[in-house]
Protein chains: 2
Amino acid sequence: MSGERVTVIDIARAAGVSKSTVSLVLQGSPLVHEETRAKVNAVIRDLGYVYNRGAANLRQSNSKSKIIGIVVNDLTNSFFAELAVGVDVVVQSAGYVQFLSNTGESVDRQSEVIASMREHGISGLILSPARGTEAVDLKALVASGIPVVNVVRQIAGAKVSSLISDNRAGMHEAVRHLAGLGHRRIAFLGGFADTAVFADRLTGYREALVALGLTPQDELVISSAPRGRVAWRPSSGLCCCASGRRRRSASMMRSPSVSATG
Amino acid sequence: MSGERVTVIDIARAAGVSKSTVSLVLQGSPLVHEETRAKVNAVIRDLGYVYNRGAANLRQSNSKSKIIGIVVNDLTNSFFAELAVGVDVVVQSAGYVQFLSNTGESVDRQSEVIASMREHGISGLILSPARGTEAVDLKALVASGIPVVNVVRQIAGAKVSSLISDNRAGMHEAVRHLAGLGHRRIAFLGGFADTAVFADRLTGYREALVALGLTPQDELVISSAPRGRVAWRPSSGLCCCASGRRRRSASMMRSPSVSATG
DNA sequence: TTGAAAGCGCTAACAA
DNA sequence: TTGTTAGCGCTTTCAA
């Protein structure tokens, strides 16, 4: 019952064939006789054999591990959890498995998990980077030739494929929407002030106001402090207001929040 | 720049030492001279060497992969996301990496990801099982000797360590609390009717009512339909009420919800 | 259609 | 303290 490792050799012996025949069966090769395949498969089941991917990858010339890594900055944020689940569905249906890790916004932790994933031979990486990640942090990774796609947050100067939401255009739409409802004092809640996302949103917000002939006011710009505490400067009677239609989907990038007073 | 695999042999050659010396350095063995270690490490950095854990595990007698798998039934549920993150913290601080997968309540998917994890040589598994998981689904796994701990949901008859909340006792407390506030018509919302959790909660609910001299009424028992839709039977003016103090922590099992009317 | 043999990158005796 | 040698479990030519 307990774990004496069963290998291809064991099942070859039990089935009365050679190692390589077993290997072919394992890979679903059409070159092996139907009877042989059936017998081998039966033995595999009987002996409780489990395929050793590590050994296979080792030998395989092109080292296809069939595992793709995904590291997210904050899994407790349901946006990222849904992202991970969405990716997982695709990854799995492609016959890969997902190696998911959470960095909790720690760049150091991120380096560790990425290193670990590399050691385990991931064949690709999807990265939603921790706040403060810089291009240099990814240099060795991209140099190694493993495909990486960066999502959600832009990394200035990094030579990787990126999938990012257009925060500036989103703010344009949001502000226009509120203005269309007759609001004139439109406040801005853009998240953490030290992020590129924040800057993009703020730019879009200001541009949109100006385009509408309104004057941006600094007192209506509210940001979160880097430590996660909201730097809330109480202002005159703000009321909240959704910026538009909301959908729940990991494939949709979240729209920035906007508040307004009539 | 692109991926010509650098091996211990390459770094041995470049450092003017043998394979095994490199291996010792890699493992932080104290048996190697300080200068040698320094030179080897320098070469490792220069050549951009990445350790091949697959090869190492293959050779190692006790096959310690340093990866532990965690499979959860619904990662979009923030309870499980926080669970995963909490586990991850511990796993990582123990020098392991986490292989996280989501089953989305599919028993089939669960079998697949567990199989995949086994093939990748996980050294342990934490499982928050999909609804409908039975003891037989885990038989091969536990027979293989890899340690598995089952969490959140009980699996009847499964021979695995389990970490489960005491739903019955929780309901006792919740009902007693509401009764203590003077409520007499206490309703029950216990989640999916086809789960063991539901049964435990319902049992606790009824026991507590009876112990208080109240009569359980079926019309006050509300369950969710298996497909995720709430089977809501509108009843006479129910109002909601927290069942007690709430803490946010992955290490805490969620208390059942309770509603009541005075 | 199947078998024999070599070797993937690494570690573990055993020598030196 | 370091080098030599022999595999771990698998895939892959190359023959049969």
Side-chain angles (χ1 to χ4, degrees), chain A residues 3-41 43-44 47-67 116 118-123 144, chain B residues 3-41 43-44 47-67 116 118-123 144:
Chain A
E4 281 316 303
R5 176 106 68 273
V6 179
T7 79
V8 277
I9 277 220
D10 297 318
I11 89 115
R13 197 140 39 206
V17 298
S18 80
K19 269 170 54 163
S20 15
T21 304
V22 176
S23 181
L24 290 183
V25 172
L26 253 27
Q27 296 168 89
S29 165
L31 286 67
V32 41
H33 198 92
E34 193 49 52
E35 285 175 29
T36 316
R37 174 200 313 290
K39 178 172 344 182
V40 168
N41 278 326
V43 174
I44 283 181
L47 267 54
Y49 169 77
V50 336
Y51 186 68
N52 185 333
R53 245 163 234 284
N57 293 342
L58 189 52
R59 186 60 176 83
Q60 234 137 10
S61 35
N62 51 350
S63 208
K64 286 297 169 208
S65 71
K66 287 295 188 184
I67 113 168
S116 170
R118 289 230 280 155
E119 293 181 358
H120 281 285
I122 54 169
S123 41
S144 77
Chain B
E4 282 315 303
R5 175 98 78 270
V6 180
T7 78
V8 277
I9 277 221
D10 296 319
I11 89 116
R13 197 139 39 204
V17 298
S18 81
K19 270 170 50 164
S20 14
T21 304
V22 176
S23 181
L24 290 183
V25 172
L26 254 26
Q27 296 169 89
S29 164
L31 286 65
V32 42
H33 198 90
E34 193 49 51
E35 286 175 31
T36 316
R37 175 201 312 290
K39 176 165 2 179
V40 168
N41 278 326
V43 174
I44 283 179
L47 268 53
Y49 169 77
V50 336
Y51 186 69
N52 185 331
R53 246 164 233 284
N57 293 342
L58 190 52
R59 187 58 179 82
Q60 234 136 13
S61 36
N62 51 350
S63 209
K64 284 299 167 207
S65 72
K66 287 295 187 183
I67 113 169
S116 171
R118 289 230 280 156
E119 293 182 358
H120 282 286
I122 53 169
S123 40
S144 77

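Chain A is the first sequence line, chain B the second, and so forth, proteins listed ahead of strands; every chain is numbered from 1.
Atom CG of A:Leu58 is separated from atom P of C:dA6 by 18 Å (rounded to the nearest Å). The nearest whole Å value for the distance from the CG atom in A:Asn57 to the P atom in D:dT11 is 9 Å. The separation between A:Arg37 atom CZ and C:dT2 atom C1' is 13 Å, rounded to whole Å. Atom CZ in B:Arg53 sits roughly 17 Å away from atom P in C:dG9 (whole-Å rounding). Computed from coordinates, the A:Leu24 CG to C:dA4 P distance equals 14 Å when rounded to whole Å. Atom CG of A:Leu31 is separated from atom C1' of D:dC14 by 14 Å (rounded to the nearest Å). Atom-to-atom, CD of A:Gln60 to P of C:dG9 comes out at 13 Å; the value is rounded to the nearest Å. Counting to the nearest Å, the C1' atom of C:dC10 and the CG atom of B:Leu26 are 9 Å from each other.
Residues A:Val22 and B:Pro30 each lie close to DNA chain D; by heavy-atom proximity, the contact nearer the 5' end of the strand is made by B:Pro30.
Listed pair B:Gln27 / C:dA12 meets the phosphate criterion, a side-chain N or O lying under 4.0 Å from OP1 or OP2. Residue A:Ser23 has no polar side-chain atom (N or O) positioned under 4.0 Å from OP1 or OP2 of D:dT12.
Across C:dT2, C:dC10, D:dC10, the shortest atom-to-atom separation from the side chain of B:Tyr51 is found for C:dC10. With D:dT2, C:dT1, C:dT11 as the choices, the nucleotide that has an atom nearest any side-chain atom of A:His33 turns out to be C:dT1. Which of C:dT1, D:dT2, C:dC10 sits closest to the side chain of B:Asn52 comes down to C:dC10. Among the nucleotides C:dG7, C:dC10, D:dG9, the one closest to the side chain of A:Ala55 is D:dG9.
Each of B:Val8, B:Leu24, B:Val17, B:Val32 was scored for a side-chain contact (heavy atoms from CB on, under 4.5 Å) with B:Val40, with one residue passing: B:Val17. Put simply, the residue from B:Val22, B:Asn41, B:Thr21 that forms a side-chain contact (heavy atoms from CB on, under 4.5 Å) with B:Thr36 is B:Thr21.
In terms of modelled atom types and a separation under 3.5 Å, the side chain of B:Arg37 and the main chain of B:Ser29 share a donor-acceptor contact. For A:Asn57 (side chain) and A:Gly54 (main-chain N/O), no donor-acceptor pair under 3.5 Å exists by modelled atom type.
Residues A:Asn52 and B:Leu58 are in side-chain contact: their nearest non-hydrogen atoms beyond the backbone lie under 4.5 Å apart.
Between atom CZ of residue A:Arg13 and atom NZ of residue A:Lys19 there is a gap of 11.0 Å, rounded to the nearest 0.5 Å. Atom OG of A:Ser116 is separated from atom OH of B:Tyr51 by 11.5 Å, given to the nearest 0.5 angstrom.
Sorted by residue number, the members of residues 9-21 of chain B with any non-hydrogen atom under 4.0 Å from DNA chain C read B:Lys19, B:Ser20.
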